[in-house]
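Beneath this line is the structure, given in structure tokens, with notes to follow.
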Amino acid sequence: MSALFFVLTSLPAFAAQTEAPLPETFANHKVVLQISDSDPFKQTLVLNVAGNLQRYYGASDVDIEIVAFGPGVRLMLKGNANSQRMQSMMTAGIRFSACANTLANFAKKLGNTPELVEGVDKVPAGAGRILQLNAAGWQILKP
Amino acid sequence: MSALFFVLTSLPAFAAQTEAPLPETFANHKVVLQISDSDPFKQTLVLNVAGNLQRYYGASDVDIEIVAFGPGVRLMLKGNANSQRMQSMMTAGIRFSACANTLANFAKKLGNTPELVEGVDKVPAGAGRILQLNAAGWQILKP
Amino acid sequence: MSALFFVLTSLPAFAAQTEAPLPETFANHKVVLQISDSDPFKQTLVLNVAGNLQRYYGASDVDIEIVAFGPGVRLMLKGNANSQRMQSMMTAGIRFSACANTLANFAKKLGNTPELVEGVDKVPAGAGRILQLNAAGWQILKP
């Protein structure tokens with residue numbers, strides 16, 4: 001599967017096929033929150049902003065996806081300090097996506113692919129995911 | 001007033017009523033500058049960028065609102081190192097908005113709500129303010 | 001030339017004339033990557049993201065311009081650790097732009113204008129360049 005992924009990404013003509021599916025959404029507000037910082041405080045801040053936006057718009061009126069790439073992917077790793085809070089945010093409808101490029105880099109350094117918090121999706125490229133959602137009408141916010 | 005605010009934000013159906021009013025604007029360029037970092041250098045940088053954009057477009061051709069949330073709200077607190085510069089930027093037409101969610105958190109930690117630089121507006125949610133302006137055609141820039 | 005630039009930027013009515021030209025582009029995806037952080041890790045991350053996006057979309061299907069302002073301009077200075085990598089990225093079609101406002105500030109502090117990596121363009125204002133590209137349909141991403 002990951003071998004297939006590398007084959008596909010090295011063939012530009014097939015690149016579009018690696019895009020993750022767009023979420024179905026009926027909310028008036030669609031927001032993609034970016035986390036690409038190593039600062040643990042930023043990782044908490046992005047979760048706070050997601051919660052605040054659900055209260056601000058009402059949970060049924062906003063769709064939120066939190067996308068991590070680069071050092072921000074640490075937020076998505078199993079056992080991190082925020083994982084329980086993330087689980088309850090998922091129950092409240094917030095989605096989490098982690099960058100497969102970054103995970104492949106982590107795996108090269110660590111010798112094995114780190115596990116993600118249960119319920120986090122893998123997307124082929126975190127930056128690409130943010131741009132994909134933005135092109136589909138989602139607003140980008142980087143707390 | 002702040003009790004009313006918490007009542008409204010806990011009732012999703014009323015959330016839209018807590019939105020701050022949109023500024024009247026006739027400029028060709030509308031830019032919302034975000035500050036959500038704790039780094040004091042970033043707080044100076046966001047002011048530099050606002051000044052540069054006024055020179056770049058001409059002050060009458062650009063509307064600028066600086067919105068702070070999270071640790072970036074420190075820029076808006078009375079007595080901070082940049083407050084005099086902010087006053088003269090307000091005279092030049094630049095608006096400043098501070099996140100009421102963040103101020104409520106500061107108040108919980110400090111025991112009292114910190115005062116803002118004179119002329120800074122309070123908005124119910126800094127992130128929500130940025131998204132509101134963006135939806136109304138303002139470009140987001142986070143220096 | 002640089003004296004002329006300062007004359008023009010101090011005359012708001014002429015500001016539009018100082019805008020750098022828009023690149024001709026036929027790609028389906030147009031992305032402006034912002035670097036305005038002093039953290040050297042961020043400077044590497046922005047280059048990684050540019051490379052990942054070329055692989056993700058296919059190099060012929062995405063146009064990328066990396067715009068630096070504030071402390072991010074260090075990435076563009078001659079002799080920096082990433083300059084060879086930047087040269088090969090330029091060969092792959094990625095453009096680099098450095099903020100002339102920031103360079104003028106560096107010059108004031110250092111006593112002379114620092115040289116740029118060969119092939120880096122100077123733009124009158126980095127923030128203005130990002131907004132100009134965005135207004136022309138480019139998506140902004142700040143890694």
Side-chain angles (χ1 to χ4, degrees), chain A residues 25-72 75 82 85 89 91-94 127 130-131 133-143, chain B residues 2 5-20 32-39 41-42 46 67-74 97-106 108-109 122-143:
Chain A
T25 168
F26 306 100
N28 286 314
H29 302 277
K30 298 182 284 292
V31 184
V32 50
L33 296 177
Q34 173 186 335
I35 174 73
S36 54
D37 296 285
S38 56
D39 180 4
F41 186 85
K42 281 282 171 177
Q43 310 194 352
T44 303
L45 182 61
V46 79
L47 300 181
N48 290 351
V49 167
N52 286 341
L53 288 176
Q54 280 202 330
R55 272 192 302 280
Y56 180 69
Y57 290 120
S60 65
D61 214 28
V62 62
D63 271 325
I64 297 171
E65 181 166 324
I66 300 177
V67 178
F69 66 87
L75 172 67
N82 288 299
R85 187 176 176 200
M89 293 176 83
T91 310
I94 293 172
I130 292 168
L131 296 171
L133 290 169
N134 182 235
W138 294 57
Q139 295 179 286
I140 303 173
L141 196 71
K142 179 183 190 290
Chain B
S2 97
F5 168 64
F6 283 111
V7 170
L8 289 174
T9 51
S10 65
L11 294 170
F14 289 84
Q17 300 184 16
T18 67
E19 286 206 331
V32 50
L33 296 177
Q34 173 186 335
I35 175 72
S36 55
D37 296 285
S38 55
D39 180 4
F41 185 86
K42 282 280 171 179
V46 79
V67 179
F69 66 87
V73 167
R74 280 177 212 148
S97 299
C99 174
N101 281 330
T102 305
L103 289 167
N105 285 341
F106 282 10
K108 243 183 273 171
K109 278 176 206 155
K122 246 190 260 191
V123 290
R129 178 61 172 177
I130 292 168
L131 296 171
Q132 177 197 16
L133 290 169
N134 181 234
W138 295 55
Q139 294 179 287
I140 304 173
L141 195 71
K142 179 184 188 292

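Note that the coordinates shown come from a computational prediction; the quantities given were computed from them, not determined experimentally. To find a chain, count down the sequence lines: A is the first, B the second, and so on, and within it residues start at 1.
If you take CG on A:L53 and CG on B:L131, they are separated by 6.0 Å, rounding to the nearest 0.5 Å.
In plain terms, the two heavy atoms of A:Y56 and B:R129 that are nearest each other are OH-N, 4.5 Å.
Within residues 135-143 of chain B, the residues approaching chain A closer than 4.5 Å by heavy atoms are, in numerical order, B:A135, B:I140, B:K142. Against chain B, the residues from residues 30-46 of chain A that qualify, each with a non-hydrogen atom under 4.5 angstrom away, are A:V31, A:F41, A:K42, A:L45 in number order.
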